Amino acid sequence: MTSVDSTTVAYAEIASRICVTPPYYALGELVSPAPGLAAATVPVQTPTGRQATLINIAEAGRHLAILGLSAAAAINPGTGRHYYLAHRGVGRMYPPTGTLTTLHGSATARMTGRNRAVAETELRDADGNLVARLDLEYLVMSAPVFRRLMGPATAPDATEPASPYSAPAPLVDVAADTRSATAKLAVEATMCRGHFDGFPALPVSVAGYATFALFDHVLEAAAGPGARWQAGLFRLRADHLAAAGQTCTVDVEPSAPIEPEAHESAFTGTLRSGDHDIFSIQVDYTTV
C-alpha cells in the first residue's frame with residue numbers, strides 16, 4: 001500500500017496482501033494517509049432487523065475489521081498474502097442521530113508481533129457523528145500456514161448470486177421464548193463468498209448476523225412484534241473457523257451487562273460446531 005498523504009488505494013493494489021475479496025470486501029474510496037492508517041466509505045448491505053441503528057452491528061464490524069486489516073497489511077513486514085483472523089474485539093454502537101447517508105470508516109493498525117496485529121476503528125455518518133467504534137485483535141497467518149490449517153482447497157459455487165450479504169442469516173429449527181433461543185445454521189460455501197477464496201469459512205460477521213437474528217425472536221416474544229433494540233457496549237471473540245459443510249448451533253441467553261452502572265440489559269450469543277466454540281458476543285442493549 002502506497003504511503004503518501006491522502007493516497008487513494010485501489011483494491012487491486014492491496015489484493016495480493018490481504019485475505020478477503022469481493023463481495024465480502026466492499027469498501028469504497030480506500031485511502032492511506034500514512035503507513036498503518038486507512039479510511040474508506042462503508043456501504044450498508046445487510047438488513048438491520050430489530051436493531052435501532054443505521055447499520056447492523058455485524059455489518060459495521062465486517063467493514064471495520066476489513067478496514068483494520070487493510071491498514072495492518074501496509075505495515076506487515078512479511079511479504080505476500082497474509083490472513084488476518086479477527087480474534088478478540090470490543091466495541092460500542094451509538095444511537096443514530098439522523099438518516100442514513102454515506103458512512104465513513106477509519107482505522108489505525110499496528111503489528112504487535114510477527115503473528116498478531118491490532119486495529120482501532122471508527123465509523124461515522126456524513127455529519128461526523130459516531131456510529132460505531134471497534135478495537136480488534138487479529139491472528140495473522142502467512143498463506144502457507146493458513147493452508148495447513150484449512151486443509152485441501154475447495155471453491156464456492158460461482159453460479160450463485162454475486163453477494164450473499166444482503167440477506168439475513170438462514171437460521172433453521174428456531175426455538176425461542178422470552179429469555180433465550182436456539183437454532184441451527186448450516187454453513188454453505190455460497191454464504192462465505194470472498195471469505196476466503198478457495199477456503200470458504202463462515203465470516204465472523206455472519207456469525208454475528210445469526211446471533212442478532214436469533215435475539216430478534218427473543219425480543220419479539222418478550223416485548224411484542226413492534227419492539228426494537230439499541231446496542232451499546234459489546235465484546236466478541238472468535239476461537240475457530242467453521243468451514244463450509246459444517247453445521248453450527250446458535251444460542252442466545254441473557255447475561256450480566258458489561259457496564260452494570262448503565263442499567264442496561266444484556267445477552268450473550270454463541271455459535272458452536274461439535275466440540276468447538278466458533279464465536280461468541282456479549283451485548284449490552286436497551287429496548288426502544
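Every heavy atom of this structure was used, including side-chain atoms; hydrogens, water molecules and symmetry mates were not. Keep in mind it's a predicted model, so treat the numbers as computed, not measured.
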Output the distance between atom [atom1] ([X]) and atom [atom2] ([Y]), rounded to the nearest 0.5 Å.
X      : Y      : atom1 : atom2 : value
Leu134 : Arg92  : CG    : CZ    : 12.5 Å
Glu220 : Arg228 : CD    : CZ    : 13.5 Å
Thr97  : Asp125 : OG1   : CG    : 4.5 Å
Glu122 : Thr108 : CD    : OG1   : 8.5 Å
Ser180 : Leu214 : OG    : CG    : 9.0 Å

Original post:
Checking salt bridge (charged side-chain N to carboxylate O under 4.0 Å, His left out) against Glu137, which of Arg116, Arg235, Arg88 comes through?
Top reply: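 The residue from Arg116, Arg235, Arg88 that satisfies salt bridge (charged side-chain N to carboxylate O under 4.0 Å, His left out) with Glu137 turns out to be Arg116.
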Original post:
Stepwise, does the salt bridge (Lys or Arg N to Asp or Glu O under 4.0 Å) test hold for Asp277 with Arg237?
Top reply: CA-CA 10 Å; Asp277 292 335; Arg237 58 184 293 164; over 6 Å; no
Just say parallel, tilted or perpendicular for the rings of [X] and [Y], cut-offs at 30° and 60°.
X      : Y      : answer
Phe215 : Phe267 : parallel
Phe146 : Tyr83  : parallel
Tyr84  : Tyr138 : perpendicular

Subject >> Side-chain donor-acceptor pair present, Asp197, Thr21, cut-off under 3.5 Å >> reply: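 There is such a pair (donor and acceptor under 3.5 Å, judged by atom type) between the side chains of Asp197 and Thr21.
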Original post:
Do Val250 and Thr211 touch side chain to side chain, with heavy atoms closer than 4.5 Å?
Top reply: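 A side-chain contact exists here, since the closest heavy-atom pair is under 4.5 Å.
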**OP:** Could you tell me whether Arg62 sits above the aromatic face of Tyr24, with NZ or CZ closer than 6.0 angstrom to the six-membered ring centre and within 45 degrees of the axis?
**Re:**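 Here Arg62 passes the 6.0 Å and 45° test against Tyr24.
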Subject >> Heavy-atom donor-acceptor pair, Glu59 side chain to Thr46 backbone, under 3.5 Å >> reply: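 Between the backbone of Thr46 and the side chain of Glu59 there is a qualifying donor-acceptor contact (under 3.5 Å).
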